Number of protein chains: 2
Amino acid sequence: MSLRFALLALLRVGPLSGYDLQKQFALSVGHVWHAPDSQIYPELRKMEAEGLVEGEEQARGQRGTRRVYHVTDAGERAFQEWMRSPLEYARVRDPAHLRAAYLEASTPAAAREFFRAHIAQWEGELAQWEGELKRIAALDNPMLARRLAATPPPDRERTVAFKRFTYEGLVERARGEIDWARRGLALVDGLEAADGEWAGSGANGA
Amino acid sequence: MSLRFALLALLRVGPLSGYDLQKQFALSVGHVWHAPDSQIYPELRKMEAEGLVEGEEQARGQRGTRRVYHVTDAGERAFQEWMRSPLEYARVRDPAHLRAAYLEASTPAAAREFFRAHIAQWEGELAQWEGELKRIAALDNPMLARRLAATPPPDRERTVAFKRFTYEGLVERARGEIDWARRGLALVDGLEAADGEWAGSGANGA
DNA sequence: TGAATTTACCTATGTCGATAGGGAATGTCC
DNA sequence: GGACATTCCCTATCGACATAGGTAAATTCA
């Protein structure tokens, strides 16, 4: 359900072809709401059928076409209503915490590998979000620039502020996960120092 | 796919009926991997068909029955293999950050309500996980006690340590979300102080 | 003893999402 | 001009999940 609002968020700035929309999606809104193109196109068609967006065929080259979508009044109202509605929280399904809770069933080596991989995963995320923050600070992000160009000057600071705030949140999240996994590595060290290498296979321990 | 490993994690401790399993699931593993009973029962049947668990019908009262499941050797091997395999990270779909990125389209009042609701949501989670940590410290959690009873003494500290560590991670996560939302409230205050009340309806600002 | 609750388990329906493709037209480069 | 890349868009298949129920038997409680 939230995919449509993610798409509306991006389309409100101005009309875009399906392809440009999904390209820009991946580089902006897609950082907080992932969707592959195979999901975006059918969703756009659905939204069109429901009157939230309108698509117009445009010529491309001699015989090609593309479809350019814009948000309708109904679409704008739906977006505003969503912004005011209570958020729907997904139920937790956290593979890392699931595994961490049962690491006594593993070995120190496998546990360390798990934490190292977790750190690597979230260091990748951290680097990405820090890069985005730099681009925001430099106003060097094409999607944000496009958005600011379509925004009256009094609103620009606010637009930038909320975008910045969001990425700061992603940075903090990534840092939290890295810290947690580092503490996990320390825990494995401590347990191994106390007990020696353990092998957790078998339901009742080694 | 991870539901089966969550179920195996719990079942490795000892055989359980389907009903007891889903009850205990909700109070333990379900904190990191949610699944309703309507999902658990079919999954157990599937796992049985694949040889990961075995179920035995037992009499219950005069005419009733229940099915008690235990992990097979193949199931144990599958669990161990999963513990060693690279974790599969779900793609991000974060409704709160999605909305936060576009709060300039909202009003200060609605933005504050959003952050307050977010704080309330995560304060609920925080209270729950802190409660679990207290129960772990007091060894007052029936599932953990059952698990420790089935665990050789040298392994008990380790079992408790990883469980504690996992809930500490959940606590930190909750705190991070609350802090973020508090900073969001401060941001709204600051923007309102600078610009006065804004109304973000309309794609190009008020 | 009968009503209410719990134990025990299940199905149906639909949505959302993953993944592995695919085709056609246009544009770029050697 | 042909090979390759990009633009533009799409489908099929399947698994995971949400939700709204449902039935039957046993147990509990007033």
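Quick caveat: nothing in here was measured; it's all calculated off a predicted structure. We name chains A, B, ... by the order of the sequence lines, and we start the count at 1 in each one.
Across the protein-nucleic acid pair, Glu88(B) atom CD and dT19(C) atom C1' stand 13 Å apart, rounded to whole Å. Going from atom CD of Glu57(B) over to atom P of dA8(C) covers 13 Å, rounded to whole Å. Distance CZ (Arg91(B)) to C1' (dC16(C)): 15 Å, rounded to an integer number of Å. Per the geometry, CD belonging to Gln39(B) stands 14 Å off P belonging to dG15(D), to the nearest Å. Look at CD1 on Ile40(B): it is 13 Å from C1' on dC10(C), rounded to the nearest Å. Atom CD in Gln24(A) sits about 15 Å away from atom C1' in dC8(D), given to the nearest Å. Rounding to whole angstrom units, OH of residue Tyr89(B) and P of dA18(C) are separated by 17 Å. The distance between atom CD of Glu43(A) and atom P of dC10(D), rounded to the nearest whole Å, is 13 Å.
A distance of 6.0 Å or more separates the ring centres of Phe114(A) and Phe162(B).
Within the 4.0 Å cut-off from OP1 or OP2 of dA18(C), at least one side-chain nitrogen or oxygen of Arg93(B) is found. Residue Tyr19(A) has a polar side-chain atom (N or O) positioned under 4.0 Å from OP1 or OP2 of dT7(D). Contact annotation: Arg66(B) does not reach the phosphate of dC9(C) (side-chain N/O to OP1 or OP2, under 4.0 Å). In this model, the phosphate group of dA26(D) is not approached by any side-chain N or O of Arg60(B) to a distance below 4.0 Å at OP1 or OP2. Between Arg67(A) and dC9(D), a side-chain N or O to OP1/OP2 separation shorter than 4.0 Å is absent.
Here the nucleotide nearest the side chain of Arg45(A), chosen from dA18(D), dC8(D), dC10(D), is dC10(D). Across dA18(C), dT26(C), dT7(C), the shortest atom-to-atom separation from the side chain of Lys23(B) is found for dT7(C). Distance from the side chain of Ser38(A) is smallest for dC10(D) among the nucleotides dA25(C), dC10(D), dC16(C). Side-chain proximity of Tyr41(A) to dT7(C), dA16(D), dC9(D): nearest is dC9(D).
Of all heavy-atom pairs spanning Gly55(B) and Arg67(B), the tightest one is O-NH2, 3.4 Å.
Comparing Gly64(B) and Ser17(A) by the nucleotide of DNA chain D that holds the closest heavy atom to each, the one mapping nearer the 5' end is Ser17(A). Each of Gln62(A) and His34(A) lies near DNA chain C, and the nucleotide nearest His34(A) is the one positioned closer to the 5' end. If Arg63(A) and Gly18(B) are placed on DNA chain C by their nearest nucleotide, the residue sitting closer to the 5' end is Gly18(B).
Arg4(B) comes within contact range of no nucleotide atom at all, as no heavy-atom separation falls under 4.0 Å. Using a 4.0 Å heavy-atom distance criterion, Gln22(B) is classed as making no nucleic acid contact.
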**Working for side chain to side chain contact (heavy atoms under 4.5 Å, CB included), residues Arg99(B) and Trp33(A)** = CA-CA 10 Å; Arg99(B) 189 176 288 185; Trp33(A) 196 276; over 6 Å; no
**Request:** List the steps and the verdict of side chain to side chain contact (heavy atoms under 4.5 Å, CB included) for Leu27(A) and Lys23(A).
**Result:** CA-CA 7 Å; Leu27(A) 296 176; Lys23(A) 280 288 184 181; 6.0 Å; no
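For Asp37(B) and dC10(C), a side-chain-to-base donor-acceptor distance below 3.5 Å is present, hydrogens and geometry of angles not being considered.
Using modelled atom types, one finds a donor on one side chain and an acceptor on the other under 3.5 Å when comparing Gln80(B) with Glu76(B).
Counted within 6.0 Å of CD on Glu57(B), heavy atoms from surrounding residues, nucleotides or ligands total more than 12; the atom is thus considered enclosed.
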